[in-house]
There are 2 protein chains.
Amino acid sequence: MKNKIVRIKDIAEKAGVSPGTVDRVLHNRGRVSDEARTKILGIVKELKYEPNLSARVLGTNRLYRLAALIPDASVDFYWDAPRRGVEKAESDLKQYGIAVEQYIFDPYNVDSFLDKASQVSEANPDGILVAPIYYREALPFFQDWSARSIPFVLFNTQLSDYNPLSYIGQDSYQSGMLAGKLAHYGQGTSGTILLAHIDEDISNSAHLIRKEQGFNDYFKQNGLSQYNIIRAELNRADLSGFHYGLDSLMASHPDLKSIYITSSKAYTVATYLEQKDITGINLIGYDLLPENIDYVNKGIIRFLINQNSKGQGYWGIYQLTHHLALKRAVDSVKYLPLDIVTKENIEYYIDKE
Amino acid sequence: MKNKIVRIKDIAEKAGVSPGTVDRVLHNRGRVSDEARTKILGIVKELKYEPNLSARVLGTNRLYRLAALIPDASVDFYWDAPRRGVEKAESDLKQYGIAVEQYIFDPYNVDSFLDKASQVSEANPDGILVAPIYYREALPFFQDWSARSIPFVLFNTQLSDYNPLSYIGQDSYQSGMLAGKLAHYGQGTSGTILLAHIDEDISNSAHLIRKEQGFNDYFKQNGLSQYNIIRAELNRADLSGFHYGLDSLMASHPDLKSIYITSSKAYTVATYLEQKDITGINLIGYDLLPENIDYVNKGIIRFLINQNSKGQGYWGIYQLTHHLALKRAVDSVKYLPLDIVTKENIEYYIDKE
DNA sequence: TTGTACGCGTTATCAG
DNA sequence: CTGATAACGCGTACAA
């Protein structure tokens, strides 16, 4: 009852041709008679042939050069995790003949993005992983890569222009909805709830807009009209303005119950609350930055929604590798879970090693 | 600037010996002169040689037979997920020359376990994955496998007797703590909270005992002595007794706030609450069984802690494969995250496909 | 104690 | 259009 593995040679024998011909059929390198082709394809189906990936990798002794176009972690530490994910994937998958070159741009500087993206285009890699945080500016590059048939994978920000190979990340709308639930849960029956963007250019950031929609819709869909939902855009470039803005929000809304920060910057508000010794506010944010972890453990941040940004980097490289080196089909969208992180379970989300 | 891959042949050349000798050193097959050995090992370190797994798999054309000793999903549907995980891993990893044979036992019948475990021992597999839900009865088998140097991986229940290759699953104690937090969160300042085991033989189930400890310690450590924590062991074998037990618990504790079910059986209590039209109780349980998912969506189960049981099966086979076929080091404990699942994020935990 | 030669399944090249 | 054949890197049997 041995389940023999079907090899190309087996197919060739059964079809009365040589392995070379089978190979040409399987890879559509043309120049095969129609009768041979149909016969071979039939046998392939019948025998359920599956290529041996080890042999494939060994045989095609080819190096695929991947480019990772990601923001600078020394400017915004949020981007440290994706970088580590990319590096872990590279080390796990280099067996399959991939090498990743990182192109690091300044997330607060469009020109830097344009510059690095151009470098990627010039380098003519075999595949690209990119965090398209600048929507408008990214589009021409997508067009270029698309025209040159260079597969590219998006992470962090979901866009579907020019048909990316894949998107890796969260469903931003649902993420906002979940934040609404967490902001609402256990907060009594009425009050003010604040949504705040920090240091962001909203109009050019598709994913933040979708988070905001989801958040608002949570309250609408659940008929929670007794809550007063307000929004703010705060910027730490002007630190006194940042504090002043928070001061006046607190003053004008004494019934403030929850604050939802749409990015990984919840720790900035936590610092403010701590300094002013304000307690009893349900603070919700994103991502396991060291500062955020601290404030979760202190009880000042109540919930973090984990975006698994390391996983986003990892899976991005993973998808490119599977597509290019292993010639496997990949999902065009890979939504990662909306993990709820609290003091009690945070340890199991922090990267060991 | 090409990062050339280091092959055995390269090392041999540099050491002035033949590839065969290098191979003998790398695999400790002895019969190598000491000077050759030290020289080769030095070069291996220096050049950071890493074996090419594709070539290895292709070369050693060996089949590793793995045994999966898991409970019957048709008796308790909880075990469907691990089985699917095992099967997915088998399909993902069969490239590396593994084949998994399943040995399915009845989770409510010790004899069935003993029978199947004996079959596993007789089959003399290369590696074993087992859910040791019967503690006492599992030990002699561990001893046997250990003596025969058959690596075995535990999942679902953490035991450390006889040195398993690895444990995959949750930290049960922390899981209980998290349940305490969820049972407490947003429930006012006092009241009764119930912990219930359903259909379980507690004394022989190490993980349930640890969950209970964690749960109790949450309230102790946070000084929540104003809560009245009670416990119950319920059994559906006697269904009217099951209902009667719940009836009397409800009657004698009108201030009941939360119910924590230590297993995947929360749906049974949800059904009861639904039938009796009791609302306002914060019900917490485990795992994304179809029935539980239903009750989360209906709002009767408030929180589920996801134990990622499919992942447990998957990673178990994964660890065995990496250890045996790829000869890679594996972690001796792999704690999976304590995922908090609510109506709003449940979709991202339900298996697609 | 050591070296050599072959096979694993696939791909790529070259000759027909 | 097709068939034969040489890699790819490792493991192993056999010869020296």
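Letters A, B, ... mirror the listed sequences (proteins, then strands); counts begin at 1.
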salt_bridge(Glu87(B), Arg83(B)) N-O dist < 4.0 Å: yes
Donor-acceptor side-chain pairing of Asn156(A) and Tyr167(A) below 3.5 angstrom: no
Plane angle bin for Tyr348(A) and Tyr335(B) - parallel if under 30°, tilted between 30 and 60°, otherwise perpendicular: perpendicular
Donor-acceptor contact below 3.5 Å, side chain His323(B) vs main chain Gln319(B): no
Those residues of residues 89-101 of chain A lying under 4.0 Å from DNA chain C by at least one heavy atom: none
Heavy atoms from other residues, nucleotides or ligands near CD of Glu50(A) exceed 12 (cutoff 6.0 Å): no
Please list, for nucleotides 14-16 of chain D, all pairs of protein and nucleotide N/O atoms separated by less than 3.5 Å.
none

Residue whose closest nucleotide on DNA chain C lies nearer the 5' end, Lys327(A) versus Ala36(B): Ala36(B)
Glu13(B) bridged to Lys9(B) by N-O distance under 4.0 Å: no
Nucleotide dC6(C), atom P - distance to CG of Asp23(B) in whole Å: 18 Å
Geometric class of the Phe141(A)/Trp145(A) ring pair [parallel <30°, tilted 30-60°, perpendicular >60°]: tilted
Option from Asp92(B), Val100(B), Val330(B), Leu66(B) for which side chain to side chain contact (heavy atoms under 4.5 Å, CB included) with Thr321(B) holds: Leu66(B)
Can you tabulate the close N/O pairs, meaning under 3.5 Å, that link protein atoms to atoms of nucleotides 5-9 of chain D?
unit_1: dC8(D); atom_1: O2; unit_2: Leu58(A); atom_2: O; d: 3.0
unit_1: dC8(D); atom_1: O2; unit_2: Gly59(A); atom_2: N; d: 3.3
unit_1: dG9(D); atom_1: OP2; unit_2: Arg7(B); atom_2: NE; d: 3.1
unit_1: dG9(D); atom_1: N2; unit_2: Ala55(B); atom_2: O; d: 3.3

Donor-acceptor contact below 3.5 Å, side chain Asp72(B) vs main chain Phe105(B): no
Sugar-phosphate only, base, or nothing, as touched by Val57(A) at under 4.0 Å among non-hydrogen atoms: nothing
Main-chain N/O of Ile70(A) paired to Gln102(A) side chain as donor or acceptor, under 3.5 Å: no
Euclidean distance, atom NE2 of residue His27(A) to atom C1' of dA12(C) [Å, nearest integer]: 11 Å
Thr21(A) vs dG3(D): side-chain N/O to OP1/OP2 distance below 4.0 Å: yes
Leu63(A) CG - dT11(C) P separation (whole Å): 18 Å
